[in-house]
Structures are given as structure tokens and as C-alpha cells.
Amino acid sequence: MRLNTTTWGSGDRIALLVHGIMADHRTWRQVGPALAERGYRVIAVDLRGHGVSPRAEGPEGYRPSDYADDLVETLPAGAELALGHSLGALALAAAVERLAPRRAVYSDPAWHLPAGEEGYRPEMFTQGKSLTREHIRILNRRWAEVDLDIEVETVKLWDERTAHGLVDVVGRDMWPVRPFVPSLITLADPSFLIPAEKAQMLKERGFELRTVVGAGHTIHRDDFDGFMTALEGWI
């Protein structure tokens with residue numbers, strides 16, 4: 001599936017941005033221009049079922065492997081940098097060997113969806129369709145006003161069947177066995193997706209980890225300056 005893309009900048013180096021569930025390329029409204037100022041041509045996708053990219057025929061068309069195949073179909077191989085957040089990090093990790101960027105950054109990646117009563121349930125996300133701007137503000141107190149507006153719009157466009165498409169991987173081990181390219185993981189504080197013991201495991205497997213103190217799951221929206229600081233030496 002060919003995805004909708006948005007581009008910032010015209011530099012010689014290419015950076016790829018992949019958003020998380022319920023979002024689209026607009027989540028990178030600050031990151032894209034900031035990378036463009038550093039000499040990148042930045043390409044951000046709308047994943048299938050998000051933004052104005054095509055929709056799958058049913059929930060079975062929203063598997064991590066589908067997202068990964070779309071990235072390979074849409075984006076250029078050999079980019080200088082590839083950056084994915086949450087679901088986007090899961091998709092990027094599944095595509096990184098084929099995309100072959102020089103460096104990869106995974107922001108609070110969704111590499112394991114826990115099972116059980118306190119684990120992953122699609123309803124946690126599908127209920128987002130009914131969230132008002134004020135609900136979003138309560139859940140994301142550090143976001144700028146413009147990000148609240150963007151979230152309202154992106155949730156309207158989002159195909160909630162994407163949440164059901166992840167049910168088959170709940171409880172599954174999707175941790176990367178190694179970084180195929182030099183790889184940084186940026187973590188929320190605390191990260192509910194990467195607990196301390198898993199962070200240590202990823203270090204031992206060759207990933208570099210940096211925590212953005214006080215930031216929530218969508219680090220680049222919670223603390224843009226902290227997020228960019230965490231990328232120093234990688235961009």
C-alpha cells in the first residue's frame with residue numbers, strides 16, 4: 001500500500017518519520033521543520049488507516065507486518081535517519097533491515113503489548129473517538145494548544161479497526177533481537193512500554209537508551225526541547 005507522505009526541507013540527507021496509533025504526520029509538526037533546519041529532507045508518512053492514507057478492508061489488514069511492508073513500499077531505502085514512535089517504532093523495526101537507514105531512533109516503542117486484565121485492549125483506543133478537546137487536554141497536560149487541535153482532527157480521520165488489528169500480537173515477544181543499524185531508543189519517564197528490566201535487556205542487545213525526564217509517552221509533544229536534546233549525536 002502506498003502511503004500519503006508530507007515533506008519538509010530539501011537537504012541532501014533524508015530523514016523518515018513514522019507516527020504512532022491514532023496520529024498522522026502532523027504529530028511531527030515541530031520535529032519535521034527542526035530536522036529540515038539541520039539539513040535534512042524529511043519525509044513523514046500517514047500509516048494505513050491514519051490521516052489520508054488508504055484503509056485496509058478489515059482489522060486483519062492492520063498487522064505490524066502490513067505497516068512494515070507499506071513503509072518499504074513508500075519510503076526510500078538508505079536514508080540517513082529513520083525515526084518511529086510507538087506503533088510507528090514497531091513498524092519501523094520490522095522494516096529497518098529492508099529500509100537500511102544509516103541510523104534508527106525508536107521513541108517509546110510498542111514492542112510488547114501485555115496480555116491480561118491490565119494489558120492491551122482495543123477499547124482503550126477506540127474510546128478515543130468520543131474524546132473531546134478537553135478530555136485530550138486532561139490526558140496530555142503538557143501539550144501545546146495546537147497539538148490538542150491536531151489530535152481532535154487526527155482522531156476523526158483515524159480508522160479504529162487499527163486497534164483491533166493488533167489483538168493477534170498481544171502477549172507476543174516482538175523485542176528486536178539486535179539493532180540492524182546503529183539504534184537509539186528514547187524513553188518516557190516512566191515508560192510503561194519499556195520497564196527497567198526490558199531496558200536493560202535492550203542495552204545488552206546493543207541499543208543505546210536515553211530517558212527524557214518527566215516526559216509522557218508522546219515525548220516529542222510533551223517535551224520537544226527534551227526530545228531534541230535526547231537526539232544529540234544521532235541527528
Side-chain angles (χ1 to χ4, degrees), residues 6-20 23 25 27-45 68 71 75-111 142-144 147 175-235:
T6 297
T7 302
W8 294 274
S10 57
D12 294 332
R13 298 181 296 168
I14 295 176
L16 312 176
L17 302 180
V18 190
H19 64 80
H25 70 275
T27 191
W28 305 113
R29 67 172 184 88
Q30 291 181 283
V31 177
L35 292 177
E37 288 178 1
R38 288 165 170 78
Y40 287 93
R41 178 163 66 92
V42 185
I43 306 171
V45 299
L71 296 181
L75 295 172
E80 184 82 11
L81 174 72
L83 194 164
H85 169 244
S86 193
L87 173 64
L90 174 61
L92 176 59
V96 72
E97 191 172 7
R98 289 175 286 169
L99 283 175
R102 292 188 61 184
R103 294 182 300 283
V105 177
Y106 303 103
S107 184
D108 223 30
W111 287 338
R142 298 180 66 179
W143 285 15
D147 286 312
W175 303 105
V177 294
R178 65 182 178 89
F180 287 98
V181 299
S183 298
L184 169 69
I185 300 171
T186 59
L187 296 177
D189 179 34
S191 172
F192 298 106
L193 291 173
I194 311 288
E197 68 274 12
K198 297 301 183 183
Q200 182 60 37
M201 175 194 73
L202 291 166
K203 284 182 183 179
E204 293 170 357
R205 291 184 178 185
F207 293 87
E208 180 171 341
L209 279 72
R210 297 178 180 176
T211 297
V212 180
V213 177
H217 174 58
T218 313
I219 303 169
H220 57 280
R221 280 173 147 173
D222 263 26
D223 184 356
F224 169 71
D225 291 336
F227 180 73
M228 296 304 294
T229 297
L231 300 184
E232 287 299 325
W234 288 83
I235 57 173

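The local environment of CZ in Arg41 is sparse, with at most 12 non-hydrogen atoms from other residues, nucleotides or ligands closer than 6.0 Å. Heavy-atom contacts from other residues, nucleotides or ligands closer than 6.0 Å to CZ of Arg142 number more than 12.
Looking only at atom types and distance, the side chain of Asp189 has no donor-acceptor partner in the side chain of Thr211 under 3.5 Å away.
Applying side-chain hydrogen bond (donor to acceptor under 3.5 Å, both in side chains) to Gln200 and the options Glu204, Lys198, Glu197 leaves one that passes, Glu204. With respect to Tyr106, the ring pair (Phe, Tyr, Trp, His ring centres under 6.0 Å) criterion is satisfied by exactly one of Trp111, Trp175, Phe180: Trp111.
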Checklist line | Stepwise side chain to side chain contact (heavy atoms under 4.5 Å, CB included) test for Leu231 and Leu83 | finding: CA-CA 10 Å; Leu231 300 184; Leu83 194 164; 4.1 Å; yes
Item checked: Evaluation steps, side chain to side chain contact (heavy atoms under 4.5 Å, CB included), between His220 and Thr27 -> CA-CA 8 Å; His220 57 280; Thr27 191; 2.8 Å; yes
Next item on the list: Start with the C-alpha gap between Leu35 and Leu17, add the side-chain angles, then the distance that decides, and say whether side chain to side chain contact (heavy atoms under 4.5 Å, CB included) holds.
Entry: CA-CA 10 Å; Leu35 292 177; Leu17 302 180; 4.1 Å; yes
Next item on the list: Give the intermediate values and the outcome of side chain to side chain contact (heavy atoms under 4.5 Å, CB included) for residues Trp234 and Glu208.
Entry: CA-CA 11 Å; Trp234 288 83; Glu208 180 171 341; 3.3 Å; yes
Margin query: Checking Tyr40 against Trp28 for the ring pair (Phe, Tyr, Trp, His ring centres under 6.0 Å) test, could you report, in this order, the C-alpha distance in whole Å, the side-chain angles of both residues, the deciding distance, and whether it holds?
Written below: CA-CA 14 Å; Tyr40 287 93; Trp28 305 113; over 10 Å; no
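With rounding to the nearest 0.5 angstrom, the CG atom of Leu81 is 11.0 Å from the CD1 atom of Ile14. In this structure, CD in Glu80 is found 10.5 Å from CG in Asp12, a value given to the nearest 0.5 Å. For the atom pair Leu16 CG and Leu71 CG, the distance stands at 8.5 Å (nearest 0.5 Å). To the nearest 0.5 angstrom, Thr229 atom OG1 is 7.5 Å from Asp223 atom CG. Annotation: the span from Leu187 atom CG to Ile219 atom CD1 amounts to 6.5 Å, rounded to 0.5 Å. How far CG of Leu202 is from CD1 of Ile185: 4.5 Å, rounded to the nearest 0.5 Å.
Between Ser183 and Phe207, the closest heavy-atom pair is CB-CD2, 3.6 Å. In this structure, Gly20 and Ser86 approach most closely via the heavy-atom pair CA-CB, 4.3 Å. Residues Gly216 and Asp222 come closest through the heavy atom pair N-OD2, 2.6 Å. For the residue pair Gly206 and Pro179, the shortest heavy atom distance occurs at O-CG, 3.6 Å. Across every non-hydrogen atom of Leu209 and Ala199, the tightest pair is CD2-CB, 3.5 Å. For the residue pair Ala230 and Leu184, the shortest heavy atom distance occurs at O-CD2, 3.6 Å.
With hydrogens and angles ignored, the 3.5 Å screen pairs a side-chain donor or acceptor of Arg205 with a backbone N or O of Pro176. Between the side chain of His85 and the main chain of His217, a donor-acceptor pair closer than 3.5 Å is present. Using a distance-only test at 3.5 Å, with no hydrogens or angles considered, a donor-acceptor pair links the side chain of Arg13 to the main chain of Arg38.
The shortest distance between side-chain heavy atoms of Pro109 and Ile194 falls below 4.5 Å. Inter-residue side-chain proximity for Val42 and Val31 is flagged as unmet; no heavy-atom pair is nearer than 4.5 Å.
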